[in-house]
Undergrad: 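Quick one: the structure is below, questions incoming.
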Amino acid sequence: VKKKKKIKNNSFFHFVTIFGYPLSIFFIVVNEFCERFSYYGMRAVLVLYFKYFLKWDDDFSTTIYHTFVALCYLSPILGAIIADSWLGKFKTIVYLSIVYTAGQVIMAVGAINDITDGNKDGTPDNMTFHIALSMVGLLLIALGTGGIKPCVAAFGGDQFNDDQEKQRSTFFSIFYLSINAGSLLSTIITPILRAQKCGIHTQQQCYPLAFGVPAALMVVSLIVFIVGSGMYNKTAPSGNIMVKVCKCIFFAIMNRFHNRSSQIPKREHWLDWAEEKYDKLLIAQVKMVLKVLFLYIPLPMFWALFDQQGSRWTLQATTMDGNFGLMVIQPDQMQTVNPILILIMVPVMDFIIYPLISKCKLNFTPLRKITVGMFLAGLAFVAAALVQLQIDATLPDFPSSTEQQAKFINMVNRPINITAGKYAFQLQALQGNKEYNRYDLSFDLTIDSGSTETIRLPGGTRNTIVIVEEADRMTNIKFGDIVAKPEEGANAIRFFNGFGMTLNITVGEEGFGNIVSKNMSTYVDVPQGTAKFVIKNAAGSTCVFKREFGFGSSYTFIIPPNVTFEENCEPHIKEVEDIKANSIHMAWQIPQYFLMTSGEVVFSVTGLEFSYSQAPSNMKAVLQAGWLLTVAVGNIIVLIVAEAATLPDQWAEYVLFAALLVLVCIIFAIMAYFYTYIDPVKIEADFANLEPEDEKKKNLEMTKKDMVENHDEKKRRSSNEGKIVQTNF
């Protein structure tokens, strides 16, 4: 086995150690922390950026999100090949980090809506420009983060000498801690940055800041890594083992195809057809790898469910109540539950659960642990489906395209009787319907036994019909209402001016404009919390109205004719609730996160441990690449199922994914039952300690083969020389 060549480093700093550890690993750990902060921080807000900034629907946002994640886990194979076969780990990390940083910067620039907001209305005039920048940025990020993924940890391991096994093991623990620390902090911080208001012309959700900070951390990551350049042990590229494995498999297949005649003796294993070109040790190692990779086939289904924490579960959180009393949790911050629970569950599993199972005399093998992890992930999606059913029960039932909905507000200073279509009811003065009534595209309206009027309104709309009195006769004014939940958990608020003069209303830095008498204002999105409305009349008198809001509601506030402009006009203001606030608390997502994280700890940690125990010494990287590939395939499965299923209800999609995983779990359990554990070290030792007779026999066969080839070569040369002489003559 060839030892890896190391580029000599005679720098003074290379010999500096801290508590027995090379100083160079400090730069690698800081680099990894900043890079993971950059990646997970950007990814935490990504699906909401698609939905609320690029204006994509839930399904398309989910599709692009999982396409991006799939690319992030496909590119490590490319990065490993580049590092091992061409540039080496150090240069690969530097060059791809530059690509990575460029992608983050492009994402931040693409999120600035003022770039194309020529009319300064807060909406980009050229959305194609922003989409193009975002897609280019994501592609570069996927190539960068995936390309350096297999290199950084291995490069850190290269900094230790062979007699520093203990320090190397501790380094990997610190390295893993830096990954989780970066992930946890970024998932908390970037949603807070996103929720801030920023902009030149109008104040919007601050996606440029949410992407800009991760971009800045990636710049820091790159600089820190380059600064430590003089201290690193840099291993020269020595050929990629994955390429060798693929060539061996390809040669075996082609050789078997060329020797498919029934007269040719069969061999024990199809890979044995590679013996003409590759040694038996390599072939035995490839057999061990393929045996494990075969078990990987069902595993992508787990990742198909796991990675929906950042897409479907985040979108689910946008329809929930995030008020935890002492703090308000943003929908994308719920993802922090996963890394927090990991820090808790890993020691709980290692020091409590597994020892208890062992004491019960249960043979809890690695493959059984993986099966349990998959089952727990399926239960997590059942829990998500139950939560979704509760959410759906609180969501408004918006009209279809063949019907319309309407409610009425009575601005007459006495009760009135209304007959609208098949509905008959009485409204008190300055009151409105609590619920919308459903109508065909037209219906007859009668007020207090007066004349009947036919109301015609477009299908698929919600409308508020305000009854006012003019010149001793009642008439109605129609206003269109919103037909979707307010975005990002905001509250859609508007005012009806029943006062006798024009009013100007503001809340914070937002304004409702000048509202003329007997007219409705536009909607203004008001965030969760206490809102302070300042109402000013044409004479300059003002009054203040305060109201506490939750998440995702819509209200119409009525300013009556008899309002007095004192310091507090709250007692005079009437309200009509158009859409109820989110009433299902985000805490109900914790059980599904707990089940998913428990499944991840049992599945992922055990899976890596099993893979390493069953892999040949020089092919652990191949199985690592295969493991990452299962993550990529899992995200592709989400795309296929989400597009092919076209289920009308989200809870049904959750149940579908859970059912698919349980089915795959059963298949995996059957495959695991027939799997035989091996000891790669022993198998490799058997090949390394061949009997002398076998070696002699092998050398004799090689000598005979060389003699035959030399004889044929001499004969061919003699024939060619004769031809040349004849031609010259």
Side-chain angles (χ1 to χ4, degrees), residues 1-2 77 80-81 84 239-300 365-368 370-371 607-630 633 664 667-706:
V1 180
K2 292 182 180 179
I77 298 174
I81 293 173
D84 290 343
N240 188 270
I241 190 65
M242 285 188 290
V243 175
K244 294 178 183 177
V245 170
C246 293
K247 286 182 177 179
C248 179
I249 294 172
F250 179 76
F251 181 81
I253 293 172
M254 295 305 296
N255 194 29
R256 178 68 184 92
F257 178 77
H258 292 312
N259 295 277
R260 59 187 183 276
S261 173
S262 58
Q263 298 177 353
I264 299 176
K266 292 184 179 180
R267 300 185 184 181
E268 185 179 353
H269 193 281
W270 63 271
L271 270 172
D272 292 335
W273 288 95
E275 288 179 353
E276 281 79 356
K277 186 174 182 180
Y278 298 93
D279 61 76
K280 291 185 177 181
L281 176 58
L282 177 64
I283 294 171
Q285 291 171 330
V286 174
K287 288 178 183 178
M288 288 185 272
V289 167
L290 291 183
K291 190 177 180 181
V292 178
L293 290 178
F294 177 72
L295 278 179
Y296 280 3
I297 293 174
L299 301 189
T365 63
L367 293 180
R368 289 176 182 174
I370 293 173
T371 306
L608 289 171
E609 175 193 339
F610 167 78
S611 300
Y612 271 71
S613 70
Q614 299 295 291
S617 58
N618 64 334
M619 294 193 183
K620 298 187 186 297
V622 177
L623 287 183
Q624 178 69 17
W627 184 264
L628 294 174
L629 188 61
T630 65
V633 175
V664 169
I667 295 172
F668 180 80
I670 296 171
M671 294 169 64
Y673 179 78
F674 292 101
Y675 182 83
T676 303
Y677 289 85
I678 60 173
D679 185 355
V681 176
K682 184 177 180 302
I683 295 173
E684 289 175 333
D686 291 341
F687 277 93
N689 300 318
L690 289 173
E691 293 293 332
E693 291 79 6
D694 293 340
E695 272 306 311
K696 280 183 179 180
K697 185 178 179 182
K698 184 176 180 181
N699 291 334
L700 184 60
E701 289 176 353
M702 291 297 295
T703 302
K704 287 181 178 179
K705 185 178 179 182
D706 291 341

Undergrad: Could you pull out the closest heavy-atom pair between Pro616 and Met288, with the gap in Å?
TA: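 So the two residues come closest at CG-CE, 3.8 Å.
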
Undergrad: Examine distances only and state if a side-chain atom of Asn259 and a backbone atom of Asn255 form a donor-acceptor pair shorter than 3.5 Å.
TA: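 Side chain of Asn259 to backbone of Asn255, a donor-acceptor pair under 3.5 Å: yes, one is there.
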
Undergrad: Under 3.5 Å, side chain of Arg368 to main-chain N/O of Thr365, donor-acceptor pair present?
TA: no

Undergrad: Can you confirm whether Ile678 sits close enough to Lys291 that some side-chain heavy atom of one is under 4.5 Å from a side-chain heavy atom of the other?
TA: yes

Undergrad: Using a 4.5 Å cut-off on heavy atoms from C-beta on, say whether the side chain of Arg256 contacts that of Trp270.
TA: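 Not in contact.
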
Undergrad: Looking at CD of Gln285 and CG of Asp279, how far apart are the two atoms once the value is rounded to the nearest 0.5 Å?
TA: 8.0 Å

Undergrad: I'd like to know if Lys266 pairs up with Asp272 as an ion pair, taking the criterion as any Lys NZ or Arg NE/NH1/NH2 lying under 4.0 Å from an Asp or Glu carboxylate oxygen.
TA: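 Result for this pair is no, no salt bridge flagged.
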
Undergrad: Should Arg267 and Glu276 count as an ion pair when the cut-off is N to O under 4.0 Å?
TA: yes

Undergrad: Provide the closest heavy-atom pair for Met242 versus Ala80 in the form atom of the first, atom of the second, distance.
TA: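 Heavy atoms only, the tightest pair is CE-CB, 3.4 Å.
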
Undergrad: Do Phe668 and Leu367 come within less than 4.5 Å of each other through their side chains, counting heavy atoms only?
TA: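 Phe668 vs Leu367: side chains touch.
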
Undergrad: Quick one: closest heavy-atom pair of Gln614 and Thr676, and the distance?
TA: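 It is OE1-O, 4.5 Å.
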
Undergrad: Would you compute the distance between atom NE2 of His269 and atom CG of Leu290 and round it to the nearest 0.5 angstrom?
TA: 7.0 Å

Undergrad: Please report the shortest heavy-atom distance between Ile370 and Gly607, naming the atom on each side.
TA: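 For Ile370 versus Gly607, the nearest heavy atoms are CD1-CA, 3.8 Å.
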
Undergrad: If you count heavy atoms of other groups shown closer than 6.0 angstrom to OH of Tyr677, is the number above 12?
TA: yes

Undergrad: Of the non-hydrogen atoms in Tyr296 and Trp627, which two are nearest, and what is the gap between them?
TA: CE2-N, 3.7 Å

Undergrad: Measuring only between side-chain heavy atoms, which start at C-beta, is Lys247 closer than 4.5 Å to Val243?
TA: yes

Undergrad: Determine whether Ile264 and Ser261 make a side-chain contact, defined as any pair of heavy atoms from C-beta on separated by less than 4.5 Å.
TA: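 SC-SC contact between Ile264 and Ser261 confirmed.
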
Undergrad: What closest approach, in Å, do Ala672 and Leu295 show between heavy atoms, and which atom pair accounts for it?
TA: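 Looks like N-CD2, 4.3 Å.
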
Undergrad: Can you check whether Ile77 reaches Leu628 side chain to side chain, under 4.5 Å on heavy atoms?
TA: no

Undergrad: Taking only residues two or more places apart in sequence, or in another chain, which ones meet Phe294 in a side chain to side chain contact (heavy atoms under 4.5 Å, CB included)?
TA: Ile297, Met671

Undergrad: With a 4.5 Å cut-off on side-chain heavy atoms, are Trp273 and Ile283 touching?
TA: no

Undergrad: Is there side-chain contact between Phe250 and Val245, with heavy atoms separated by less than 4.5 Å?
TA: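 In short, these two side chains do not touch, never coming nearer than 4.5 Å.
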
Undergrad: Tell me, with the steps shown, if Leu299 and Val633 meet side chain to side chain contact (heavy atoms under 4.5 Å, CB included).
TA: CA-CA 9 Å; Leu299 301 189; Val633 175; over 6 Å; no

Undergrad: When rounded to the nearest 0.5 angstrom, what distance separates CD1 in Ile667 from OG1 in Thr371?
TA: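 It comes to 12.0 Å.
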
